There are 2 protein chains.
Amino acid sequence: MFDERKDQIKKAALKLFAEKGLAGTKMSMIAEEAGISQGLTYRYFESKDEIFGILVEEAIEESRNAIRNIGTLPGSPLEQLKAFTLRLLDENHKQYFLLVQQAQTSEVVPSKALEAIERYSPQDTIEQIMPIFVRGQQEGLFAEGNAAKRLIVFLSVLNGLMLQDAKAMGMNWAQDVDLVLNILTK
Amino acid sequence: MFDERKDQIKKAALKLFAEKGLAGTKMSMIAEEAGISQGLTYRYFESKDEIFGILVEEAIEESRNAIRNIGTLPGSPLEQLKAFTLRLLDENHKQYFLLVQQAQTSEVVPSKALEAIERYSPQDTIEQIMPIFVRGQQEGLFAEGNAAKRLIVFLSVLNGLMLQDAKAMGMNWAQDVDLVLNILTK
DNA sequence: GTCTATAGCAGGATAGAC
DNA sequence: GTCTATCCTGCTATAGAC
């Protein structure tokens, strides 16, 4: 089926882009990872840039959803943020997250992907998480003081963890998230 | 002078490699950043890979020094780690750090750079910082429990901060490091 | 020492056979 | 639908003039 092969290629591309960036990923690598010939890729996508652009948009969409859902998770604000953190650290989201990372820091990004990224500022993310954090502060779960600043640090930290984790240090996060949440609770 | 021009090229290359990775950085960009013609670069270096390799080795050397010096800094273990953190976050070290990051995660790295990186495992870093941390624990400055694990998280966090910072969110770290050190002290 | 011009090659994209 | 062969662009690296 057409769409299934498409997904297969996207999956291979996501893995490589997240790891090696746009310029570092060759079409031949994507084809190999997907187990097809190099030329076939072009029956499903117009160009490397197109694949990259689509993935970046999906990643942002995905990330938006994860954040939007925090509020609907069960438990206290602390438990909500913990669940959110664990979700981000799982394999699938991690790749998306790293892709956005690559797109933001690294290299010359195709214009379409660039637009998507510019619409998706870290500021947005912080504003969405803010109410939950503030509620947690009121309940005495989190540290007092400038919430935005603390959340920036917290998100940076998640970034770092995902990158580190990508290098396969083999930590079991389910067990260790609490250390990370210390940033918020102290 | 020959060596000065060489440094000028290395400086330009470091900035770009740290930002865009090896594959994402073109020789033309390096030349432009250094304000010279593209061809001239090859009078000073054999290849792009050579420049990259040299920079990676310097970065690792630099990082080793920073870590080695922690113990000789004045103050309590907490103050020592604070000073170390601030040093890493300053412009120069940040670029080196990001370069190593790029080399570790991203792309196909030339063999010479690869060797250097493999000799420089995160495990090393942790082992070097460990004694200071343990001393801090004994003095009651840091949290009890598994030191290695906490240090991994801590270093991941520094990673994340440098990356985030690279995206110019304009935080004044001198003021905010304490949030980060909470990971160790709680 | 430095620049401009260009050779040579890697990799993105296309054509055509099966 | 898929593969192999090939075109063509863009980049690394070199040659040669000033």
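Computed from a prediction, not measured in an experiment: that's the story for all the values here. By convention in this document, chain letters (A, B, ...) are assigned in the order of the sequence lines, proteins followed by strands, and residues within each chain are numbered from 1.
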Check your understanding: Nearest of D/dC3, D/dT2, C/dT2 to any side-chain atom of A/Ser37?
Key -> D/dC3
Revision key, fill the gap. Whole-Å distance, B/Gln38 CD to C/dT6 C1', equals 11 Å
Practice item. For DNA chain D, find the residues of residues 26-34 of chain B with a heavy-atom distance under 4.0 Å and give them by number; none if there aren't any. Key: B/Lys26, B/Met27
Review point. Is any side-chain N of the basic residue among A/Glu58 and A/Lys10 closer than 4.0 Å to the acidic one's carboxylate O?
Key: yes
Exercise for review: Taking all non-hydrogen atoms of both residues into account, name the closest pair between A/Thr41 and A/Ala31 and its distance.
Suggested key: OG1-CB, 4.0 Å
Point to revise | Short side-chain N/O contact from B/Tyr42 to OP1 or OP2 of C/dT2, under 4.0 Å | key: no
Practice item. Taking only the side-chain nitrogens and oxygens of B/Tyr44, find out if one of them lies under 4.0 Å from OP1 or OP2 of C/dT2. Key: yes
Check your understanding: Which of residues 45-56 of chain A sit near DNA chain D, with a heavy atom under 4.0 Å from it?
Key -> none
**Study point:** Aromatic plane relationship, B/Phe17 with B/Phe52 - under 30° parallel, 30 to 60° tilted, over 60° perpendicular
**Key:** perpendicular
**Study point:** Helical bend (five base pairs per end, nearest 10°) for the helix from C/dG1-D/dC18 to C/dC18-D/dG1
**Key:** 10°
When you compare the protein's N or O atoms with those of nucleotides 15-18 of chain D, which come within less than 3.5 Å of each other, and at what distance?
{"from": "D/dG16", "atom 1": "O6", "to": "B/Arg43", "atom 2": "NH2", "distance (Å)": "3.2"}

Study note, to complete from the structure: So the ring pair (Phe, Tyr, Trp, His ring centres under 6.0 Å) pairs with at least one residue in residues 54-89 of chain A (sequence neighbours excluded) are none
Could you give the side-chain donor-acceptor pairs of residues 67-83 of chain A under 3.5 Å, partners two or more places apart or in another chain?
{"from": "A/Arg68", "atom 1": "NH2", "to": "A/Asn65", "atom 2": "OD1", "distance (Å)": "2.6"}
{"from": "A/Asn69", "atom 1": "ND2", "to": "A/Asn65", "atom 2": "O", "distance (Å)": "3.3"}
{"from": "A/Thr72", "atom 1": "OG1", "to": "A/Asn69", "atom 2": "O", "distance (Å)": "2.8"}
{"from": "A/Ser76", "atom 1": "OG", "to": "A/Leu78", "atom 2": "N", "distance (Å)": "3.4"}
{"from": "A/Ser76", "atom 1": "OG", "to": "A/Glu79", "atom 2": "N", "distance (Å)": "3.2"}
{"from": "A/Ser76", "atom 1": "OG", "to": "A/Glu79", "atom 2": "OE1", "distance (Å)": "3.4"}
{"from": "A/Glu79", "atom 1": "OE1", "to": "A/Ser76", "atom 2": "N", "distance (Å)": "2.8"}
{"from": "A/Gln80", "atom 1": "NE2", "to": "A/Gly71", "atom 2": "O", "distance (Å)": "3.1"}
{"from": "A/Gln80", "atom 1": "NE2", "to": "A/Leu73", "atom 2": "O", "distance (Å)": "2.9"}
{"from": "A/Lys82", "atom 1": "NZ", "to": "A/Asp178", "atom 2": "OD1", "distance (Å)": "3.1"}

